*Asks:* 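Below are the structure tokens for one structure; questions will follow.
Quantities reported herein were computed from a predicted structural model and do not represent experimental measurements.
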Amino acid sequence: MEVVRVSLFSIIFSILIICTTHLGHGFQTPRTNKTDRLALLAFKDHIKEDPLGVLSSWNESLQNQLHSRIPSDVGFTLPNLQYFAAGCNYLHGEIPASLLNASKLQVVNLPFNNLSGVIPSNLGRLWNLESLGLDDNLLETSEDEGLGFLTSLINCTNLRQLDLTNNRFKGELPASIANLSTKLELLSLGKNQISGKIPDEIGNLVGLTWLQIGRSYITGEIPSSIGKLKKLARLELFENGISGLIASSLGNITQLQDLSLQDNNLSGIIPPSLANCSQLGKLLLGNNYLIGNIPKQLLSLPSMLVLFVPGNSLIGQLPSEVGNLSNLIGLLVSHNRLSGEIPSTLGKCLMLQGLWMQDNMFEGSIPSSFSKLKNLEDLDLSRNNLSGQVPKYLQNFTLLQNLNLSFNNFDGEVPIEGIFKNASIISVNGNQRLCGGIEQLGLPPCQVMRKKGKFQQLKVVIPIIASCSLFLIIVLLAIFSYRKKSKRRASTIVQEKEFFPQISYAELSQAINQFSPSNLVGKGSFGSVYKGILTTNGMIVAVKVLNLKQKGAAKSFLAEYFKGSDFKAIVYEFMQNGSLEEWLHPHENQVEVGKFNFIQRLNIAIDVAFALEYLHYYCQPTIVHGDLKPSNVLLDHDMVAHVGDFGLSSIFRDESNHSNASREQNSSIGIKGTVGYIPPEYGMGSKASMEGDVYSFGIMLLEMIIGKRPTDPMFNDGFNIHQFTKTALPERVMEILEPSLLQEIHVTDNRGIEHSRAKNNMGRRTGVLESLSEVARVGVFCSVESPNERMEMKQVVAELSAIKHRFLGARN
Ligand SMILES: *[C@@H]1O[C@H](CO)[C@@H](O)[C@H](O)[C@H]1NC(C)=O
Ligand SMILES: *[C@@H]1O[C@H](CO)[C@@H](O)[C@H](O)[C@H]1NC(C)=O
Ligand SMILES: *[C@@H]1O[C@H](CO)[C@@H](O)[C@H](O)[C@H]1NC(C)=O
Ligand SMILES: *[C@@H]1O[C@H](CO)[C@@H](O)[C@H](O)[C@H]1NC(C)=O
Ligand SMILES: *[C@@H]1O[C@H](CO)[C@@H](O)[C@H](O)[C@H]1NC(C)=O
Ligand SMILES: *[C@@H]1O[C@H](CO)[C@@H](O)[C@H](O)[C@H]1NC(C)=O
Ligand SMILES: *[C@@H]1O[C@H](CO)[C@@H](O)[C@H](O)[C@H]1NC(C)=O
């Protein structure tokens, strides 16, 4: 009996890892005096980013593992030092006072270390300073001086960046910070215990693009002079004790993209003037004491990505203008006193991934336009006064992870298909008149009610079907053309995060030796791949550090805001034997290829087929891989195949390590897949489908047999690998085979032929050649042009397994 190797559960391990939001601040280029250069080699710079790059890149040359103290005489021995950067190390101890003697210093960037002690209070003697980055250390303030060193920095007239986030600074914010250089762009002081108020003169710092004093002890009001900071793009004052009104002058900051004032004691209304901030993407005002309506005007900003106003006392209706927020991915209005019906225009916010409206007083039914919100992951309407039926279309919202309809007045039948099969996704309790649903929901059955109407209904239904079908076709066409445009991109991004655990940055960094070059196994346009071992479970992993700068911003709601978004990596189980691609098309110096025989290929094909079958039929929700190709099939130490990179293709659209592929999926509609492997219908706008995966699988199967890429120059003008193989079947298979397989036929079949003949006298005799042509036939059936005529993955698995049985049976 065969034990077919199924490697499904190790298929993929993709994890979004987020470091901290402040990794990025720093400076661009080292400018060292020649004399000091040698000494500085030890302190290699690795941080570079402009403070407004929302996503910053991680410098791959990072290799420091400085565990030392900063030499106490550093300022004496390097009096000409200009650039001192050694972030993300294990530097500990104090910042030596001698540093102040290196009066030419322009950059002191030592973030992410374990520096402790008190900052020299006359730091301002370094009057050339342009960047001071000491964030994420253990630095303190002295009892008597407090934050006085900030005052001394007034003398640094070129200061552009000041980042002290996440230390142990205490004390009142000196009003003198308003006298810092007008060149100051970044002022980041959050995650300390800084108290006091934001000085009224803050408006002097006209160069500021980013002001961050979050998670601290700031009180007082937001000074209205803040409206003078015309360049401000991010204002983050969340998690403080700030009270008073939201300054309406904020509306004067037309560059503002991110206004984070959540978790304070703000009162009054949401100023409608904010509507003048035409680039506003995140408006986070949750958990304050705000009253009044959600201003209509605000809902006209197409830039808006996240509107976060839960936990206030907002009243009135949700204005129907909300439908204008065409890029909205998160709307959180929960725990307010909003009332009226849910505007049906909300169905126009097609990008919505999270909609939290619970604990309000909304009434009426769920608008039918919600059927379009297929990107929803979270839909919480609980604790309102909603009525009507639970919409059937929600069954098909495969991305939904949480549907909460509890404590409303919904009635009728709870669906049982799709997501409604999974009791852990849906909550419907506290609705007295619901019935049906799956058993776990514990609702009364609906049968009694249904039986009565059944026959009557039939009569009505038939004519309706007839008259409706034309209409239906039109609607379907509309839906298809819409999907073509917008659906695909968002949905796949979303998929990853649901399935995969998170690893802390620290653990990851440790696993790959703090990004040591000796752990570097590859580099591509997408970023770098490191190999390492996770300390928690000893798993060997490959860590793909994404070069996010090249990707453009990941639009995912969660990546973008809720978790911060500066460092991302994907962690895979490390696959010792590389990818199928390397086995099929080895470089000259790879010798193993000789060992890559028919049965190994067949095993790999079966593994992949199993994986796809699993994704297609046993995953909830069904997963379409969308970009199957040999480089996505990874082989572990036992040559068991693992299917990788699924769902990622749409993020990595420009990951162009195949120079030969003139990737048409770069178009704005975001077709996934790789040229050669994508089915023809994707090119015509069909959405990614199971049939599409079957096609890609078929092409790959043929490639495994004939050894040629589907993009081989011999295939052109509509003559493809499918036709090539088809025309050779069954007689001329020998002519198209990959050479090493051909050799195998000569050796194995000739030797084994007598034996098999004897054994299979009445049955079939299957040698390598015959099995190969059977496999080729499966490949051909999978890759036919018409999606409907392709085999299904279940069939493929059955066929390939049978071929393997016959083949092995013939030889034993
Ligand atoms: C360092 O600076 C201080 C204050 O200006 C000065 O008194 C001292 O002599 C300097 N030390 C050296 C070694 O230059
Ligand atoms: C700033 O510079 C002025 C004159 O250059 C000097 O008098 C003052 O002491 C300096 N302040 C600090 C804190 O270094
Ligand atoms: C800040 O500057 C203003 C005028 O430029 C001055 O009146 C004030 O005293 C300064 N504040 C501090 C703390 O240096
Ligand atoms: C905001 O702009 C308006 C009109 O331009 C002006 O009247 C107002 O004083 C400004 N407010 C602030 C705080 O700059
Ligand atoms: C659903 O909503 C109710 C009421 O808001 C809440 O108590 C419950 O925890 C929610 N269920 C889930 C699974 O989030
Ligand atoms: C809920 O809605 C119903 C009508 O659908 C209404 O009669 C009832 O008063 C509402 N309850 C509350 C608490 O608003
Ligand atoms: C139900 O949903 C939860 C949460 O998404 C998921 O972990 C679980 O695997 C699902 N169960 C089934 C049977 O699909």
*Asks:* Between Asp380 and Arg383 (salt bridge meaning N to carboxylate O under 4.0 Å), is one present in this structure?
*Replies:*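 Between Arg383 and Asp380 there is no salt bridge, as every charged N stays at least 4.0 Å from the carboxylate O atoms.
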
*Asks:* Does either side chain, that of Asn408 or that of Asn431, offer a donor lying less than 3.5 Å from an acceptor on the other one?
*Replies:*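 Side-chain D/A pair, Asn408 to Asn431: absent.
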
*Asks:* Check the pair Ser188, Thr165 against side-chain hydrogen bond (donor to acceptor under 3.5 Å, both in side chains), reporting the backbone distance first and the verdict last.
*Replies:* CA-CA 6 Å; Ser188 188; Thr165 310; 2.7 Å; yes

*Asks:* Backbone N or O of Pro111 within a donor-acceptor pair of the Asp135 side chain at under 3.5 Å?
*Replies:*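 No, Asp135 side chain to Pro111 backbone: no donor-acceptor pair under 3.5 Å.
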
*Asks:* Output yes when a side-chain donor or acceptor of Asn240 lies under 3.5 Å from a complementary backbone atom of Phe238, and no otherwise.
*Replies:*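 The answer is yes, because a donor-acceptor pair under 3.5 Å joins these two groups.
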
*Asks:* Answer whether the closest heavy-atom distance between the side chains of Ser339 and Asn360 falls below 4.5 Å.
*Replies:*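 They are not in side-chain contact.
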
*Asks:* Can you tell me how far apart CD (Gln395) and CD1 (Ile419) are? Round to the nearest 0.5 Å.
*Replies:*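 Spacing of CD (Gln395) from CD1 (Ile419) equals 8.0 Å.
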
*Asks:* Using a distance-only test with no angle check, is there a side-chain donor-acceptor pair under 3.5 angstrom linking Asp258 and Ser260?
*Replies:*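 Yes, because at least one side-chain N or O of Asp258 sits under 3.5 Å from a partner of the opposite role on Ser260.
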
*Asks:* Would you check if the side chain of Asn264 reaches a backbone N or O of Asn288 as a donor-acceptor pair within less than 3.5 Å?
*Replies:*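 No; zero donor-acceptor contacts below 3.5 Å.
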
*Asks:* Quick check: closest heavy atoms across Met351 and Ser326, and the distance to 0.1 Å?
*Replies:*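 Where Met351 meets Ser326 most closely, the heavy atoms are CG-O, 3.5 Å.
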
*Asks:* Donor-acceptor pair, Ser224 side chain versus Ala247 backbone, under 3.5 Å?
*Replies:*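 No: the side chain of Ser224 does not pair with the backbone of Ala247.
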
*Asks:* Determine whether a donor-acceptor pair (N or O, by modelled atom type, separation under 3.5 Å) exists between the side chain of Asn375 and the backbone of Gln353.
*Replies:*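 Looks like no, no N/O pair under 3.5 Å.
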
*Asks:* Rounded at 0.5 Å granularity, tell me how far CG in Leu325 sits from CG in Leu350.
*Replies:*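 Reported value, rounded in 0.5 Å steps: 12.0 Å.
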
*Asks:* Just wondering, do Leu355 and Met357 contact through their side chains at under 4.5 Å, heavy atoms?
*Replies:*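 Counting from C-beta outward, Met357 and Leu355 do come under 4.5 Å.
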
*Asks:* Would you confirm whether Asp378, through its side chain, and Leu400, through its main-chain N or O, come within 3.5 Å as a donor-acceptor pair?
*Replies:*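 Checking the backbone N and O of Leu400 against the side chain of Asp378, no donor-acceptor pair under 3.5 Å is found.
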
*Asks:* Would you compute the distance between atom CD of Gln193 and atom CG of Asn167 and round it to the nearest 0.5 angstrom?
*Replies:*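 Going from CD on Gln193 over to CG on Asn167, the span is 11.0 Å.
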
*Asks:* Identify the two heavy atoms, one from Gly133 and one from Asn109, that lie closest to each other, and give their separation to 0.1 Å.
*Replies:*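 Result for this residue pair: N-OD1, 3.1 Å.
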
*Asks:* For the residue pair Ser365 / Ser387, report whether a side-chain donor-acceptor contact shorter than 3.5 Å exists.
*Replies:*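 Ser365 and Ser387 do not have a side-chain donor-acceptor pair below 3.5 Å.
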
*Asks:* Given side chains that start at C-beta, do those of Met361 and Asn385 come closer than 4.5 Å, heavy atoms only?
*Replies:*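 No, their side chains stay 4.5 Å or more apart.
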
*Asks:* Gln279 vs Gln255, test: side-chain contact (heavy atoms from CB on, under 4.5 Å). Steps then yes/no.
*Replies:* CA-CA 6 Å; Gln279 303 189 36; Gln255 306 285 320; 4.0 Å; yes

*Asks:* Do the non-hydrogen side-chain atoms of Asn404 and Leu381 ever get within less than 4.5 Å of each other?
*Replies:*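 Contact flag for Asn404/Leu381 side chains = no.
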
*Asks:* Any side-chain heavy atom of Asn384 sitting closer than 4.5 Å to one from Phe407?
*Replies:*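 Asn384 vs Phe407: side chains apart.
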
*Asks:* Step by step, would you call Asn265 with Ile242 a side-chain contact (heavy atoms from CB on, under 4.5 Å)?
*Replies:* CA-CA 5 Å; Asn265 301 326; Ile242 299 174; over 6 Å; no

*Asks:* Nearest 0.5 Å, what's the CZ-OG distance between Arg160 and Ser181?
*Replies:*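 The OG atom of Ser181 is 9.5 Å from CZ of Arg160, to the nearest 0.5 Å.
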
*Asks:* Check the pair Asp263, Asn287 against side-chain hydrogen bond (donor to acceptor under 3.5 Å, both in side chains), reporting the backbone distance first and the verdict last.
*Replies:* CA-CA 5 Å; Asp263 301 289; Asn287 305 322; 3.2 Å; yes

*Asks:* For Leu266, is there any backbone N or O sitting under 3.5 Å from a side-chain donor or acceptor partner on Ser243?
*Replies:*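 No.
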
*Asks:* Is there a donor in the side chain of Asn158 and an acceptor in the side chain of Lys183, or the other way round, less than 3.5 Å apart?
*Replies:*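 Checked: Asn158/Lys183 side chains pair up, N/O donor to acceptor below 3.5 Å.
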
*Asks:* Do Val309 and Leu314 have side-chain heavy atoms sitting under 4.5 Å apart?
*Replies:*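 They are in side-chain contact.
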
*Asks:* What is the distance from atom CD of Gln262 to atom CG of Leu284, rounded to the nearest 0.5 Å?
*Replies:*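 The distance works out to 4.5 Å.
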
*Asks:* In a check of side-chain contact (heavy atoms from CB on, under 4.5 Å) between Leu299 and each of Asn324, Leu307, Leu328, which one passes?
*Replies:*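 For Leu299, the side-chain contact (heavy atoms from CB on, under 4.5 Å) check succeeds only for Leu307.
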
*Asks:* Restricting to non-hydrogen atoms, name the atom on Trp210 and the atom on Leu232 that form the minimum distance, rounded to 0.1 Å.
*Replies:*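 Closest approach of Trp210 to Leu232, heavy atoms only: N-CD1, 3.7 Å.
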
*Asks:* Would you say the side-chain atoms of Ser369 pair up with the backbone N or O of Thr345, donor to acceptor, closer than 3.5 Å?
*Replies:*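 No.
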
*Asks:* Could you tell me if the side chain of Leu259 sits less than 4.5 Å from the side chain of Leu250, heavy atoms only?
*Replies:*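 Yes; the side chains approach each other to less than 4.5 Å.
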
*Asks:* Considering non-hydrogen atoms only, spot the tightest contact between Phe169 and Asn192 and give its length.
*Replies:*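 Heavy-atom minimum between the residues: N-OD1, 3.1 Å.
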
*Asks:* So, taking the atom named NZ in Lys230 and the one named OG1 in Thr254, what distance separates them when rounded to the nearest 0.5 Å?
*Replies:*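 Lys230 atom NZ to Thr254 atom OG1 measures 7.5 Å (nearest 0.5 Å).
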
*Asks:* Short question: side chain of Asn327, backbone of Pro302 - any donor-acceptor pair under 3.5 Å?
*Replies:*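 Yes, because the side chain of Asn327 sits within donor-acceptor range (under 3.5 Å) of the backbone of Pro302.
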
*Asks:* Between the side chains of Ser382 and Gln358, is a donor N or O closer than 3.5 angstrom to an acceptor N or O?
*Replies:*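 The criterion, which ignores hydrogens and geometry beyond distance, is not satisfied for Gln358 and Ser382.
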
*Asks:* Under 4.5 Å between any side-chain heavy atoms of Leu256 and Leu235, yes or no?
*Replies:*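 With C-beta onward as the side chain, the pair touches.
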
*Asks:* List the steps, then state whether side-chain contact (heavy atoms from CB on, under 4.5 Å) holds for Leu331 with Val322.
*Replies:* CA-CA 10 Å; Leu331 178 64; Val322 70; 4.2 Å; yes

*Asks:* Under 3.5 Å, is there a donor-acceptor pair between the Asn166 and Asp136 side chains?
*Replies:*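 Per modelled atom types, Asn166 and Asp136 side chains form a pair under 3.5 Å.
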
*Asks:* If I compare all heavy atoms of Gly323 with all of Cys349, which pair ends up nearest, and what's the gap?
*Replies:*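 What the structure gives for the nearest pair is CA-SG, 4.1 Å.
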
*Asks:* Looking at Leu290 and Ser267, what are the two nearest heavy atoms and their distance?
*Replies:*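 Closest pair (atom of Leu290, atom of Ser267, distance): CD2-O, 3.6 Å.
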
*Asks:* Is a donor on one side and an acceptor on the other found under 3.5 Å between the side chain of Tyr393 and the backbone of Lys372?
*Replies:*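 Such a contact is absent between Tyr393 side chain and Lys372 backbone.
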
*Asks:* Let's go through Ile291 and Ile315 carefully: what are the C-alpha distance in whole Å and the side-chain angles of both, what is the deciding distance for side-chain contact (heavy atoms from CB on, under 4.5 Å) to 0.1 Å, and is it a yes or a no?
*Replies:* CA-CA 7 Å; Ile291 55 168; Ile315 56 165; over 6 Å; no

